[in-house]
Peer 1: 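Quick one: structure below, then a few questions.
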Amino acid sequence: MTASVSLYIHIPFCRKRCSYCSFVSYAGRLGDIAKYMQAVKYEISQRIDGRQLKSVYFGGGTPSLVPVRYIKSLMESISRYFPKSGKTEVSLEANPCTIDNTCLKDLLNAGINRLSIGLQSLDDGELSTLGRLHNSQQALEAVKHARSAGFDNINLDLIYGIPGQTVSSWEQTLREAVNLSPEHLSLYGLSLEPGTLMMELIESGALPQLNPDLSADQYELAEEILEEEGYRHYEISNWAKPGYECRHNLVYWNRGEYIGAGTGASSYLGGRRYNNTSSLDKYLEEALAGKTISIENDEIISPELASAEAAILSLRLDEGIDMEKYNRDYCTDILSVYNKQITELEGYGLIQNDGVYIKLTPRGRLLGNEVFWRFLPELTGETNLHRVATE
Ligand code: SF4
């Protein structure tokens, strides 16, 4: 067991589903927020494990829809149950049209010290294609409000590869976002998920198909611009000013342990990974009756899976796989176990091995999934690791 643990709290409420959304989120259930926060408080009280909290992350859904008094009260409970240090990173995801100066100051006072704002784009047409509720003006104002409220650690989420988005509209969004001087940027390539409105619209021809070549150009442009602006590209989709790398997400990428609370939340503890039920009704019913929360996708991570997962997650990071550490941690010799894959991927110019680290090349960063699946053990059926590798 590691000396510290992280805590993820899932807030599944949204005003409306975005067209591309495949997260555990519920529209039209805002009336359940008070009950839900009580349920989460109960769940957290059942999951105390005595370790210090490295990070807390309120993700969603739309955590910024929750009235701040509930966040404050939950933070007080968390502090009672888990020791925190001055260094504990506490992030909250916010949507631009749900925050104002007063609530942002209150969030800061409640102990939130990192704000992740879902800008997604600064082009009104693209925001409307994504089905977002905010416009570019509200997005810009949200960041300014966060700054004036006193947040000094702000992440902006942006999406590239949006149907209809050009390289030049992406460049404009990116440059405007950088002008806001965020400490951190997460850039996600749009992916089409089954059952989403976006997929329906593309299949019916109402929206153009996704264009992977254009997305690759947009990604390369982002790498260029953000490097010029002094951001470190520390993970495939994440850039930070020095010292502002997201501690919570680094726990995931470094295979640290985390507790997930709330509906659909994932936990990784004692070599086991599992999700809480993704049914909001079931979660509320069980937690409010003081019962154990039902779980889904329960998986024991075998030594074989653990080492494959470590290889894949390390390759997502800029330093790549530290071979000596990897061999020590997994009692193995990476160059023998993955000899065929490493040789093949080096041949394709997707990875490089400098004798100490194995890392993705710039081309490998563009084609990450082509690299990752080769490290998967041959298994029957899909595992959580298969999802990690192909997302
Ligand atoms: S705000 Fe996020 S979680 Fe909510 S519907 Fe949109 S993409 Fe999904």
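Numbers here are sequence positions counted from 1. Because the structure is predicted, anything quoted here is derived from the model rather than measured. Ligands are counted one by one from 1 in listed order, and the atoms in each one are counted from 1 as well.
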Peer 1: Does Tyr160 reach the side chain of Leu190, with side-chain heavy atoms less than 4.5 Å apart?
Peer 2: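 Of all side-chain heavy-atom pairs linking Leu190 with Tyr160, none is under 4.5 Å.
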Peer 1: Counting each atom of ligand 1 from 1 as listed, which ones have a heavy atom of Lys16 under 4.0 Å away?
Peer 2: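 By the 4.0 Å cutoff, the relevant atoms are 5 (S).
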Peer 1: Please tell me if the side chains of Val66 and Met37 come closer than 4.5 Å, counting only heavy atoms from C-beta onward.
Peer 2: yes
Peer 1: Which residue owns the protein heavy atom closest to atom 3 (S) of ligand 1, what's the atom, and how far is it?
Peer 2: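 Checked against all protein heavy atoms, atom 3 (S) of ligand 1 sits closest to Gly61 N, 3.2 Å.
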Peer 1: What protein heavy atom is closest to atom 6 (Fe) of ligand 1, reported as residue, atom name and distance in Å?
Peer 2: Cys18 SG, 2.3 Å
Peer 1: Quick test: of every protein heavy atom, which one is nearest to atom 4 (Fe) of ligand 1, and how far off is it to 0.1 Å?
Peer 2: Cys14 SG, 2.2 Å
Peer 1: Is any side-chain heavy atom of Leu214 closer than 4.5 Å to one of Thr166?
Peer 2: no
Peer 1: Heavy atom under 4.0 Å from ligand 1: found in Arg132's side chain, backbone, both, or neither?
Peer 2: side chain
Peer 1: Of the protein's non-hydrogen atoms, which lies at the shortest distance from atom 7 (S) of ligand 1, and what is that distance?
Peer 2: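 Checking every protein heavy atom, the shortest distance to atom 7 (S) of ligand 1 gives Tyr20 OH, 3.6 Å.
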Peer 1: For ligand 1, which atoms sit closer than 4.0 Å to a heavy atom of Arg17?
Peer 2: 5 (S)
Peer 1: Considering only the protein, which heavy-atom contact is closest to atom 8 (Fe) of ligand 1, and what is its distance?
Peer 2: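 Going by distance alone, atom 8 (Fe) of ligand 1 is nearest to Cys21 SG, 2.3 Å.
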Peer 1: If we only count heavy atoms from C-beta on, is the Ser4 to Leu53 side-chain gap below 4.5 Å?
Peer 2: no
Peer 1: Walk me through whether Lys35 and Leu288 qualify under side-chain contact (heavy atoms from CB on, under 4.5 Å).
Peer 2: CA-CA 8 Å; Lys35 271 198 288 186; Leu288 296 176; 3.8 Å; yes
Peer 1: For a salt bridge (charged side-chain N to carboxylate O under 4.0 Å, His left out) with Glu183, tell me which candidate from Arg147, Lys241, Arg114 qualifies.
Peer 2: Arg147
Peer 1: Give the numbers and elements of all ligand 1 atoms closer than 4.0 Å to a heavy atom of Asn95.
Peer 2: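 Answer, ordered by atom number: 1 (S).
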Peer 1: Would you say the side chain of Trp253 lies within less than 4.5 Å of the side chain of Asn238, judging by non-hydrogen atoms?
Peer 2: yes
